[in-house]
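Ligands are counted one by one from 1 in listed order, and the atoms in each one are counted from 1 as well.
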Amino acid sequence: MKTQVAIIGGGPSGLLLSQLLNRAGIATVVLERQTRAHVLSRIRAGVLEQGTVRMLHEAGCGARMEKEGHPHHGCYLSTAEGRFRVDFTEACGREVMVYGQTEMTRDLYEAQDAIGATILHEVSDVVLHDVETGNPHVTFTKDGQSHRLDCDWIAGCDGFHGVSRKTIPETVRKEFERVYPFGWLGILSRTKPAADELVYANHPRGFALASMRNDALSRYYIQVPLTDKVEDWSDAAFWDELRARLPADVAAALETGTSIEKSIAPLRSFVSEPMRWGRLFLVGDAAHIVPPTGAKGLNLAVSDVHYLYEALVAAQSGDMSGVEHYSDRALKRVWAAMRFSWWMTSILHRFPDQSTFDQRIQETELHMLRDVPSAQETMARNYVGLPF
Ligand code: APR
Ligand code: PHB
């Protein structure tokens, strides 16, 4: 087999890159470990930055998002003293789009089917070869048969647990990590959202978030100790704890129901540098992980895709500047989002070893967000998405 760009991983990064490159006349093959149904069964965040909205339109996949997505012009934050709103549009003239990553992935799959893109599911034993040469190739197993895919470039879109990052020699890779001492217990329920916009709550009992997918599908999270297991939490116990942490008026409006998905996710900040090694590019979660507090995971994957897409199109006509600067360009934005996600996590959660000084600093950060327009503008600009 031969193609121009071998894409390892068929999640949001891989599918969006495949869609954009094929529309630009560049041939790709996507190698995905799971089934399409498994990829579409994943419940992930649902806040799209404006740049992500733009890229979906550029990929020809924005129609359903515009029809079913919900523009949000602000969000609420709450402390024990009550809740306040940060108005994104007033602070920086922009907004976000609330539209589930699962729906975005579904739209990407449909668009890929429409152009006859090559996506091989249930592949295994993926190995990247000769990435430091001009003739890289990938070997893999599919339906019990071994295959070889020759290519010009390899995009490692295979997430945190993929093979691509580890193909870069350990002696070359520099990894930066912070693991947070708590997790997020999340519930998806077919209930009316408790508020019209997202509510991020800093409460003495711990962090909580009230989010949504649409007017009849709500997504809620509460901070839990890393020792907790999903089976420790009945739906009733979850709803009680969520009510205790949300602002009183939001708690009073909370419509509870049976969870259709319930899971605990750990929180980490992670970056692996560089994001390029020879003909291999790391994209999305393969290169970096953010705590979900700032809703940056999917949006960072999209900006990586944007930089790589532009680089590979330019390389077609011999302009290699995008290829050479991909890692530096992507990492500049990655670290800005890493900082914002760390900051949001730091001011909203209760840390086990937090001192009274730390508590006062959290309160001061939140009061500044409540009272100081320049603080609100900085948060808004980062939340709606820095330019790329
Ligand atoms: N071979 C082939 N495919 C693989 C391999 C492998 N060795 N390892 C992982 N994969 C596939 C996974 O099955 C998954 O479908 O790569 C894909 C990686 O997708 P994601 O983990 O979703 O990462 P990415 O596409 O970068 O999207 C980032 O997704 O997980 C969320 O929070 C994350 O919102 C962020 C977004
Ligand atoms: C979600 O809707 O799943 C969500 C929204 C905002 C976040 C994290 C998760 O910061």
With heavy atoms of [X] as the reference, note each atom of ligand 1 found under 4.0 Å away.
| X | result |
| --- | --- |
| Leu31 | 2 (C), 3 (N) |
| Gly284 | 26 (O) |
| Gln34 | 13 (O) |
| Gly162 | 8 (N) |
| Gly11 | 15 (O), 17 (C), 19 (O), 25 (O) |

Say whether, by atom type as modelled, one donor and one acceptor occur between the side chain of Asp304 and the main chain of Gly284 under 3.5 angstrom.
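Yes, the answer is positive, given that a donor and an acceptor are paired below the 3.5 Å cut-off.
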Indicate the atoms forming the closest heavy-atom contact of [X] with [Y], along with that distance.
| X | Y | answer |
| --- | --- | --- |
| His203 | Ala244 | NE2-O, 3.1 Å |
| Gly156 | Ser164 | CA-OG, 3.2 Å |
| Trp239 | Ile187 | CH2-CG2, 4.0 Å |

From Arg54, Arg94, Arg381, Lys296, residue fulfilling salt bridge (charged side-chain N to carboxylate O under 4.0 Å, His left out) relative to Glu49
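For Glu49, the salt bridge (charged side-chain N to carboxylate O under 4.0 Å, His left out) check succeeds only for Lys296.
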Which residue and non-hydrogen atom of the protein lie closest to [atom], and at what distance in Å?
| atom | result |
| --- | --- |
| atom 21 (O) of ligand 1 | Gly159 CA, 3.8 Å |
| atom 22 (O) of ligand 1 | Pro12 CD, 3.5 Å |
| atom 25 (O) of ligand 1 | Ser13 N, 3.0 Å |
| atom 9 (C) of ligand 1 | Asp158 O, 3.1 Å |
| atom 31 (C) of ligand 1 | Arg44 NE, 3.2 Å |

Between Trp335 and Phe340, is the gap from one ring center to the other below 6.0 Å?
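Centroid distance Trp335-Phe340: not below 6.0 Å, so no.
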His349 ring center near Phe207 ring center (under 6.0 Å)
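Ring centres of Phe207 and His349 closer than 6.0 Å.
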Pair Val290, Thr345 - check side-chain contact (heavy atoms from CB on, under 4.5 Å), show working.
CA-CA 10 Å; Val290 283; Thr345 304; over 6 Å; no
Quick one: does Cys157 get a heavy atom under 4.0 Å from ligand 1?
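Yes; Cys157 lies near enough to ligand 1 that a heavy-atom distance drops under 4.0 Å.
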Below 4.0 Å from any atom of ligand 1, is there a heavy atom belonging to Arg42?
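Contact check Arg42 vs ligand 1: positive.
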Could you measure the distance from the OG1 atom of Thr79 to the CZ atom of Phe84? Nearest 0.5 Å is fine.
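It comes to 7.0 Å.
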My understanding is that only residues two or more places apart in sequence, or in another chain, count here; which of them pass side-chain hydrogen bond (donor to acceptor under 3.5 Å, both in side chains) with Ser272?
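Here no residue qualifies.
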Which one of [options] has a non-hydrogen atom at the shortest distance from [atom]?
| atom | options | answer |
| --- | --- | --- |
| atom 35 (C) of ligand 1 | Leu298, Leu128, Val126, Val283 | Leu298 |
| atom 6 (C) of ligand 1 | Gln101, Glu32, His161, Arg33 | Arg33 |
| atom 7 (N) of ligand 1 | Val163, Asp285, Val305 | Val163 |

What do the steps show when you test Arg42 against Gln34 for side-chain contact (heavy atoms from CB on, under 4.5 Å), and what is the final call?
CA-CA 11 Å; Arg42 292 173 182 146; Gln34 304 290 353; 3.6 Å; yes
State whether Phe182 and Arg350 meet the cation-pi test: NZ (Lys) or CZ (Arg) under 6.0 Å from the six-membered ring centroid, and within 45° of the perpendicular axis.
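The answer is no, since Arg350 fails at least one limit relative to Phe182.
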Run Glu110 and Arg64 through salt bridge (charged side-chain N to carboxylate O under 4.0 Å, His left out) and show every step you take.
CA-CA 11 Å; Glu110 281 176 18; Arg64 192 160 74 99; 5.5 Å; no
Strictly under 4.0 angstrom, heavy-atom based: which residues surround ligand 2?
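If the criterion is a heavy atom under 4.0 Å, then ligand 2 touches Ala45, Gly46, Val47, Trp184, Leu198, Tyr200, Leu209, Ser211, Arg213, Arg219, Tyr221, Pro292, Thr293, Ala295.
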